[in-house]
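First comes the structure, then the notes that go with it.
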Amino acid sequence: MSNTIIKEIDYDRLPKHVAIIMDGNGRWARKRLLPRKAGHKAGVERVKEIVETVGDLGIKYLTLYAFSTENWKRSNDEVSSLMKLLVYYLRNEIKTLHSNQVKIKVIGELSKLPSTPKQEILDAINLTKNNDKLILNIALNYGGRQDIIRAAKLFAKDVNDGKLKINQLDEETFNNYLYTSDNPDPDLLIRPSGELRISNFLLYQIAYTEFWFSNIYWPDFSKKHLYQAIIDFQQRDRRYGGIKDDK
Ligand code: IPE
Ligand code: IPE
Ligand code: MG
């Protein structure tokens, strides 16, 4: 990793956790009269650049929305090309990721994935499990509602098994049952492609997250857009429902 310094960025006030909805691959391709899968392929190139840039900045947590629980509605052909690209990404990048101390994690229901991508991702998780420079959460077959329902079921099971009492459930305890339990909540959520919605991403975790939207399609999203999102984030006044001290 290199160490480019961007003078507009305040390195003491970086977001700890950045989450990105990688959207707009299909429209990027359509604009070029290419098949949708060409857009997904171009999107993978951006994943490489953005992961590296986030690591260089010294941000510790990055969560990338790669495949939602609703994306199974797409054609078999498209789903299969997305799964193949996941395998392609991991096979090509795993050495670099590992040598850059990136720890790969998955949030979402991995068991429903086809066996090849599932195995590839399990191998990547296992290889990188002791790394700790950048925690890269890949949201795969992820849905925010599914995350919450799963957490509720896991909690109910612990109550059933006598490990906890119902009145012990508070925000912190509930958080422990979410896929993201080891992470701080995202400080900054980025969604390119022009859509102004969450599309079932981290519903519970984004209570006080700052949003950054852009019309750019994901395959055109470069490190300069990431820098811009961070610079904008640093201008925000995060009050968490309180009042600023100086007012
Ligand atoms: C994001 O791009 C990739 C996934 C959702 C897997 P899209 O495929 O949603 O692209 P658009 O939104 O149709 O342009
Ligand atoms: C969200 O994008 C999911 C991912 C980027 C993985 P979608 O393209 O699926 O979202 P909608 O359908 O526009 O809400
Ligand atoms: Mg989309």
Side-chain angles (χ1 to χ4, degrees), residues 17-51 54 61-90 92-93 104-114 116-118 120-121 124 136-150 178-180 183 186 188-206 209 211-222 225-226 229:
H17 184 175
V18 174
I20 308 180
I21 302 177
M22 305 187 290
D23 195 21
N25 297 351
R27 281 164 283 170
W28 180 93
R30 197 193 315 140
K31 219 174 83 185
R32 289 164 177 75
L33 306 176
L34 294 168
R36 292 180 60 83
K37 58 178 95 167
H40 297 315
K41 178 99 199 303
V44 170
E45 297 309 313
R46 290 316 188 177
V47 176
K48 296 182 192 168
E49 176 177 336
I50 295 306
V51 170
V54 167
Y61 299 91
L62 173 66
T63 301
L64 298 177
Y65 203 6
F67 194 88
S68 76
T69 46
E70 288 72 48
N71 287 146
W72 297 107
K73 293 178 188 165
R74 299 187 181 197
S75 70
N76 289 341
D77 186 43
E78 179 158 356
V79 169
S80 121
S81 75
L82 284 165
M83 296 298 157
K84 281 193 188 126
L85 279 170
L86 173 67
V87 173
Y88 163 87
Y89 170 72
L90 290 170
N92 276 284
E93 285 302 295
I104 296 176
K105 294 189 73 175
V106 162
I107 62 169
E109 196 47 62
L110 194 55
S111 65
K112 306 259 163 60
L113 254 62
T116 310
K118 187 165 54 193
E120 202 70 33
I121 194 95
L136 173 60
N137 296 309
I138 308 178
L140 273 177
N141 192 19
Y142 177 87
R145 289 183 171 177
Q146 190 267 344
D147 193 359
I148 293 167
I149 290 168
R150 174 180 166 275
L178 294 167
Y179 286 119
T180 49
N183 309 179
L188 172 62
L189 175 99
I190 296 172
R191 181 167 196 163
S193 94
E195 308 301 352
L196 306 178
R197 56 177 171 256
I198 290 302
S199 302
N200 204 10
F201 200 24
L202 307 160
L203 300 180
Y204 186 88
Q205 297 88 339
I206 56 171
T209 298
F211 292 175
W212 194 83
F213 294 106
S214 154
N215 286 334
I216 195 126
Y217 296 139
W218 174 251
D220 288 328
F221 189 94
S222 68
H225 301 104
L226 178 71

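A quick note: this is a predicted structure, and the numbers were derived from the prediction, not measured. Atoms within each ligand, like the ligands themselves, are counted from 1 in listed order.
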Inset, instruction - Indicate yes or no: does an N/O atom of Asn71 lie under 3.5 Å from an N/O atom of ligand 2? - result: yes
Legend entry - Any Ser193 heavy atom less than 4.0 Å to ligand 1: no
Inset, instruction - Could you pull out, from Arg197, Arg74, Glu70, Met22, the option with a heavy atom nearest to atom 7 (P) of ligand 2? - result: Arg74
Inset, instruction - Examine Gly26 against ligand 1 and note whether any of their N/O atoms are separated by less than 3.5 Å. - result: yes
Inset, instruction - Mind checking whether Arg191 contacts ligand 2 via backbone (N, CA, C, O), side chain (CB onward), both or neither, at a 4.0 Å heavy-atom cut-off? - result: side chain
Inset, instruction - Answer yes or no: is there a side-chain heavy-atom contact under 4.5 Å between Leu189 and Trp212? - result: no
Legend entry - Heavy atom of Ala66, distance to ligand 1 below 4.0 Å: yes
Inset, instruction - Indicate whether the side chain of Arg191 and that of Ser214 have a donor and an acceptor atom separated by less than 3.5 Å. - result: no
Inset, instruction - Side-chain contact test, heavy atoms from C-beta onward, threshold under 4.5 Å: evaluate it for Tyr142 versus Thr69 and give yes or no. - result: no
Inset, instruction - Record the part of Phe67 in heavy-atom contact with ligand 2 below 4.0 Å; permitted values are side chain, backbone, both and neither. - result: backbone
Legend entry - Under 2.8 Å: N/O/S of Asp23 next to the Mg ion (ligand 3): yes
Legend entry - Heteroatom distance test (Trp28, ligand 1): nitrogen or oxygen, under 3.5 angstrom: no
Inset, instruction - Take every heavy atom of Arg36, measure it against each atom of ligand 1, and state whether any distance is under 4.0 Å. - result: yes
